[in-house]
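Structure first, commentary second.
Labels below follow one simple rule: chain letters A, B, ... track the order of the sequence lines, proteins then strands, and each chain is numbered from 1.
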Amino acid sequence: MTQAVWLRNDLRLDDHPALSEAQQHGPIHVLFISTPRQWQQHHESPARLGLKAAALQDIADRLADLGIPFTLLETDWFADVPALLQQFCQQQQISDLWFQQETPWDENQRDQAVTVALNNVTVHALPHDLLVNLPVKTQSDEPFKVFTPYYRRWQQILEDTQQSPYPEPKDQGVALPKQTLNCRWAGEFRSDLWPGSEAAALNKLSAFCEFKLQDYKKQRDFPGKPATSTLSPYLANGQLGPRRLLAAVQFFCGEQNRDWRHDDWLRELAWRDFYKQLLIHFPRLNKFQPFKPETRHVQWRDDEAGFNAWCEGKTGFPIVDAAMRQLNQTGWMHNRLRMISASFLSKLLFIDWRRGEDYFLDKLIDGDFASNNGGWQWSASTGVDAAPYFRVFNPTLQSERYDPEGQFIKRFVPELANVPAKQIHNPPAELRQQCGYPQPVVDYKQARVDAIAAFKGLPQSD
DNA sequence: GTAGACTTGAA
DNA sequence: TCAAGTCTA
């Protein structure tokens, strides 16, 4: 009997538990369901959809080579999926349906509806696509709300258990023609920076681990340096499996005589798991709610001009503007800059963090609901383990510290290309005028004081 | 119940 | 130094 494997945000053949396990029960048939209107409602960016389409084409080609049938179905909304799947399973005489669970709410609801609808098919909902899938809980069996203790427990589990990548599916020995997929929903993306194939993603992983992993901790905070992995788009689409990342870290740490268990890049993967498990345990995070209930009462400012200036990279704060233009032009933003620009919107412009959250998703090629929401709530001081509300980033200081020569600013703010390093972080008014660069949209000192005061006045309990 | 700790900070 | 409160063992 045929085993159907439903791919969602795990668009890969390597290290794929559902593909691997399903094939042990019989021949597999792989499928993917496009839901462009649902994606649009979820703010999935054109760039992300472009990379997704490229990943799917790569998968379709490779499955054909392996004699494994692949079907691409399309509808508008998750709500239509159960009926569509029912029809598919009937036509293809499917006995079992396999998939990996996803964390966000709507996806979860969809899967439950599918399980109910497919009464003649055995549904195998495998654990979420995390590195550590075993429950990471406190001694009183509660989910962790603070990262560091979560990380310690996570590390312990990783040391105690063997997590190896799952092998690619085996050749099913049937001659199949190649298909050209027609993904009309695909958008433009920087395929020069993120080639769509899984092989390219794996190469990028190896190259990063071989050449950058060792200095990651020291260099990662400087957006002008190519020190980070830039693998996040592949992680968002699941083009790289978590155990494959671990195996790469372990291998190259071995080569370099370093202890993989305390690797700082691996720690960032713990953050990924941490934010995803929060969504599972605290459904309100899926529903536009802050984690800290009392912060619902924060009076965010209405400021269309400020919001637009932020979106366009015209705030008059060079590091913020360079960051936003990097996002707009490439679909990606360096982690340090995400913090600086999120802090700027939520604390200095004092605009609702959810507007920033949506804008990021609209533009990011690596937009992931859990990580994005976690990051924004951290910046806005509304989340678990959030920055204390009185901790407000000073964009000029951050700029001096992490882009001392203005190298990154000059790359994305050409108006300031000839400004000396000393002045580039906060150019004097006349110089701005000469360069055609905007004056600051807020007074930093005053905005900082106002933001802290607005939080201080909140009722203590909900 | 209590001690100690808490991603990335600013002045 | 500041500054608040919550989490975890």
Side-chain angles (χ1 to χ4, degrees), chain A residues 135-156 216-223 225 227-228 232 262-278 281-282 290-295 297-298 317 319-320 323 333-344 346-348 353 370-404 408 425-426 442-462:
Chain A
V136 184
K137 295 283 188 65
T138 64
Q139 286 191 348
S140 39
D141 204 33
E142 298 287 331
F144 284 99
K145 296 172 192 156
V146 172
F147 175 74
T148 304
Y150 173 89
Y151 174 55
R152 291 197 187 109
R153 183 83 197 89
W154 184 91
Q155 252 180 336
Q156 193 60 52
Y216 176 74
K217 189 190 172 104
K218 236 192 296 179
Q219 308 285 358
R220 56 170 291 205
D221 270 319
F222 299 92
K225 296 182 179 174
T228 62
S232 50
H262 299 101
D263 182 75
D264 283 279
W265 188 67
L266 194 61
R267 188 167 176 274
E268 296 301 309
L269 293 178
W271 275 100
R272 177 173 178 272
D273 282 9
F274 178 62
Y275 280 139
K276 282 188 186 285
Q277 60 98 34
L278 282 176
H281 296 299
F282 302 98
F291 182 83
K292 288 185 181 170
E294 70 274 16
T295 61
H297 304 297
V298 173
F317 288 79
I319 193 72
V320 174
M333 194 196 286
H334 186 277
N335 172 259
R336 163 96 8 213
L337 300 175
R338 293 189 200 204
M339 290 190 287
I340 297 173
S341 55
S343 174
F344 188 87
S346 59
K347 293 288 177 65
L348 297 182
W353 55 275
S371 297
N372 191 49
N373 182 269
W376 273 97
Q377 295 224 40
W378 184 87
S379 297
S381 302
T382 66
V384 292
D385 211 5
Y389 69 77
F390 48 80
R391 195 175 282 175
V392 177
F393 278 51
N394 178 333
T396 308
L397 268 184
Q398 289 280 318
S399 183
E400 287 165 355
R401 195 175 301 155
Y402 297 112
D403 189 26
F408 180 79
H425 309 289
N426 184 17
V442 287
D443 175 47
Y444 167 72
K445 277 192 172 173
Q446 189 58 48
R448 177 177 194 277
V449 169
D450 291 347
I452 292 173
F455 268 87
K456 200 164 192 154
L458 287 180
Q460 283 310 306
S461 64
D462 184 29

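Contact annotation: the side chain of A/Y275 never approaches that of A/N373 to less than 4.5 Å [non-hydrogen atoms, C-beta and beyond]. Side-chain contact between A/K456 and A/Y389 is present, with at least one heavy-atom pair separated by less than 4.5 Å. Under the 4.5 Å side-chain criterion, counting only non-hydrogen atoms from C-beta, A/W154 is in contact with A/L266. Between A/L337 and A/F408, the closest side-chain pair of non-hydrogen atoms falls below 4.5 Å.
For C/dA4, the OP1/OP2 oxygens have a side-chain nitrogen or oxygen of A/K456 closer than 4.0 Å. Of the side-chain N and O atoms in A/R391, one or more sit less than 4.0 angstrom from OP1 or OP2 of B/dT8. For B/dA11, one of the phosphate oxygens OP1 or OP2 lies less than 4.0 angstrom from a side-chain nitrogen or oxygen of A/Y444. Distances shown here put a side-chain N or O of A/R152 below 4.0 Å from the OP1 or OP2 atom of B/dC6. In this model, the phosphate group of B/dA10 is approached by a side-chain N or O of A/R401 to a distance below 4.0 Å at OP1 or OP2.
When rounded to the nearest whole Å, the span between CD of A/E142 and P of C/dC7 equals 10 Å. Atoms CD (A/Q139) and C1' (C/dC7) sit 13 Å apart, rounded to a whole Å. If you measure from atom NZ of A/K292 to atom C1' of B/dC6, you get 11 Å, rounded to the nearest angstrom. When rounded to the nearest whole Å, the span between CG of A/D385 and C1' of B/dT8 equals 11 Å. In this entry the distance linking CG of A/L278 with P of C/dT6 reads 17 Å, nearest Å. Taking atom OH of A/Y151 as the reference point, atom P of C/dT8 lies 17 Å away to the nearest angstrom. Atom P of nucleotide C/dC7 and atom CZ of A/F282 are separated by 9 Å, given to the nearest angstrom. Between A/N394 atom CG and B/dA11 atom P the separation is 5 Å, expressed in whole Å.
Distance from the side chain of A/T138 is smallest to C/dT8 among C/dA4, B/dG9, C/dT8. Considering only side-chain atoms of A/V146, the nucleotide from B/dA11, C/dT8, C/dA4 that sits closest is C/dT8.
Pair check for B/dT8 finds none; no Watson-Crick or G-U wobble contact set falls under 3.5 Å. Checking C/dA4 for Watson-Crick or G-U wobble geometry (two distances, each under 3.5 Å) identifies no partner in any strand.
By the 30° and 60° cut-offs, the orientation of the rings of A/Y150 relative to A/F274 is tilted.
If you check every strand for non-hydrogen atoms under 4.0 Å, A/R336 touches a base. Contact annotation for A/Q398: backbone-only contact, meaning every heavy-atom pair under 4.0 Å involves sugar-phosphate atoms and none involves a base. As judged by a 4.0 angstrom heavy-atom cut-off over every strand, A/F390 is placed among the base-contacting residues. Counting non-hydrogen atoms under 4.0 angstrom, A/R338 reaches nothing in the nucleic acid. At a threshold of 4.0 angstrom between heavy atoms, the contacts of A/Y275 include nucleobase atoms, whether or not backbone atoms are also involved.
B/dG1 and C/dT6 are spaced 15 Å apart, taking the C1' atom of each and rounding to whole Å.
Remark: A/K217 NZ is loosely packed, at most 12 non-hydrogen atoms of other residues, nucleotides or ligands lying under 6.0 Å away.
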